[in-house]
Amino acid sequence: MEEQGYNSLPLSQSLPDSFIELWESVVTASIGTIPPVATEGRPDTGNMEMPIISDEALAENFDEKLFELLPEVSTRDSASTQDGVSPLTPTVPVTTDHPGEYGFQLHFQQTGTAKSVNFTFSELLNKLYCQLAKTSPVEVLVSKEPPRGAVLRATAVYKKTEHVADVVRRCPHHQNEDAAEHRSHLIRMEGSERAQYFEDPHTKRQSVTVPYEPPQLGCESTTILLSFMCNSSCMGGMNRRPILTILTLETPEGLVLGRRCFEVRICACPGRDRKTEEGNHNKQQSGTKQTKKRKSTPVPDTTSTKKSKSASSAEEEDKEVFPLYVRGRERYEWLKRINDGLELLDKEAKTKSSSVSVKQELSVPSSGKRLLYRGERSNSD
């Protein structure tokens with residue numbers, strides 16, 4: 001029974017036929033198109049043709065940059081700029097002016113010192129006075145066209161060294177009143193929808209950028225509008241600490257092409273404050289000049305001046321006349337006699353002093369007899 005069951009299965013006959021049919025059905029076009037390679041110096045393989053790819057064909061079609069990875073720095077930088085994170089800034093920003101290769105300069109409109117002005121700039125102090133949340137136009141000039149995609153960046157820092165490490169922010173009161181996403185930023189650039197606000201992830205310093213636009217036809221400069229959103233005297237914010245605004249011309253990658261810096265004071269009356277501070281500055285300058293002159297001039301002789309002043313004051317007092325009211329005739333007569341006697345003494349003193357001066361003026365002979373004055377007697381008599 002078992003032998004008949006195994007013999008009844010048609011595996012021995014059907015299996016070879018099905019395998020051959022399967023092998024013939026699986027034929028790839030790529031293998032068939034590869035030309036045979038001549039085998040020089042190899043043993044004879046009969047009629048068998050081996051599909052081997054030559055080294056020249058591999059060298060022509062092989063890409064050497066296939067396994068190279070993209071640099072991580074460029075991807076990170078592009079991602080950071082797209083995500084709104086500014087390039088890394090130094091812990092202590094530079095506040096010195098640097099026009100650079102493109103001659104980067106700033107100009108401010110002259111508005112005077114009237115009380116009604118919203119902003120005014122002092123060239124003497126290099127300081128901008130402006131009101132809260134009022135636009136201050138700044139003209140940007142360059143000597144030649146900057147590279148494509150250049151931006152203008154504005155950053156606020158504290159002026160004094162003891163506060164330079166602190167970040168300039170708005171006070172909590174003004175932040176709570178504002179609903180904007182960048183409400184903590186002190187500086188804003190108005191009039192441009194392409195303004196971007198950044199915060200450094202390490203130093204936490206805040207800045208705002210706007211694309212550089214070339215001057216329009218007939219103009220030499222480009223104007224940007226700055227506004228400061230907190231007063232200099234706000235508690236919890238600047239708290240009367242002076243600040244500086246750094247305006248830089250940068251490439252899209254963050255390379256600084258030019259830098260300008262100026263002091264800013266946000267107050268209720270810019271014209272009045274500018275006039276006051278310029279007056280104080282001029283007084284200080286004049287005071288230092290006077291002290292230098294005093295140090296250079298010799299010290300006068302005070303003894304001679306004191307003597308001359310005392311003598312002149314005594315003579316002036318003697319010439320003055322003072323009235324005296326006396327009650328009673330008898331007292332009046334007594335005081336009159338005393339006054340008459342003092343007058344006689346003054347006359348005698350004057351005559352004696354004049355005679356002594358005359359005697360001193362007469363020269364005494366160096367030899368021979370001595371000169372006799374009127375009323376004197378000689379020794380022989």
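Hydrogens, waters and symmetry mates are skipped; everything else that's a heavy atom, side chains included, is used. Quantities reported herein were computed from a predicted structural model and do not represent experimental measurements.
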Is the shortest side-chain N to carboxylate O distance from [X] to [Y] below 4.0 Å?
X    : Y    : value
E190 : K134 : no
E333 : R329 : yes
K283 : E278 : no
R205 : D200 : no

Original post:
Between Y158 and R241, is there a cation-pi geometry (under 6.0 Å to ring centre, at most 45° from the normal)?
Top reply: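 The answer is yes, since R241 meets both limits relative to Y158.
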Original post:
Transitively linked via ILVMFWY side-chain contacts under 4.5 Å: V208 with I224?
Top reply: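 Linked, V208 and I224 end up in one cluster.
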**OP:** Compare every heavy atom of E213 with every heavy atom of T222, then report the nearest pair and how far apart it is.
**Re:**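 Here T222 and E213 meet closest at OG1-O, 2.6 Å.
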Subject >> For Q175 against R183, the heavy-atom pair lying closest together >> reply: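 What the structure gives for the nearest pair is O-CD, 3.3 Å.
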**OP:** Verify the distance criterion only: is there a donor paired with an acceptor across the side chains of R153 and T248 at less than 3.5 Å?
**Re:**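 Not at all, the side chains of R153 and T248 share no donor-acceptor pair under 3.5 Å.
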Original post:
Are a donor atom and an acceptor atom from the side chains of Y197 and E181 found within less than 3.5 Å of each other?
Top reply: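 No - no donor-acceptor pair under 3.5 Å links their side chains.
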Original post:
So does E177 have more than 12 non-hydrogen atoms from other groups sitting under 6.0 Å from CD?
Top reply: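 Counting other residues, nucleotides and ligands, CD of E177 exceeds 12 neighbours.
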Subject >> Residue E162 excluded, over 12 heavy atoms near CD under 6.0 Å >> reply: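 Yes.
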**OP:** Mind checking the CG-CZ spacing from L152 to R260? Nearest 0.5 Å is all I need.
**Re:**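 Separation between the atoms: 13.5 Å.
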**OP:** Supply the atom-to-atom distance C261 SG to N126 CG, rounded to the nearest 0.5 angstrom.
**Re:**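 Between atom SG of C261 and atom CG of N126 there are 7.5 Å.
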**OP:** Would you check, one step at a time, whether the test side chain to side chain donor-acceptor pair (under 3.5 Å) holds for D273 with T276?
**Re:** CA-CA 5 Å; D273 291 355; T276 302; 5.4 Å; no
Subject >> Pairs involving residues 260-283, ordered by first then second residue, that meet ring-ring contact (aromatic ring centres under 6.0 Å, His included) (sequence neighbours left out) >> reply: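 Applying ring-ring contact (aromatic ring centres under 6.0 Å, His included) to every pair that reaches into residues 260-283, excluding sequence neighbours, yields F108-F262.
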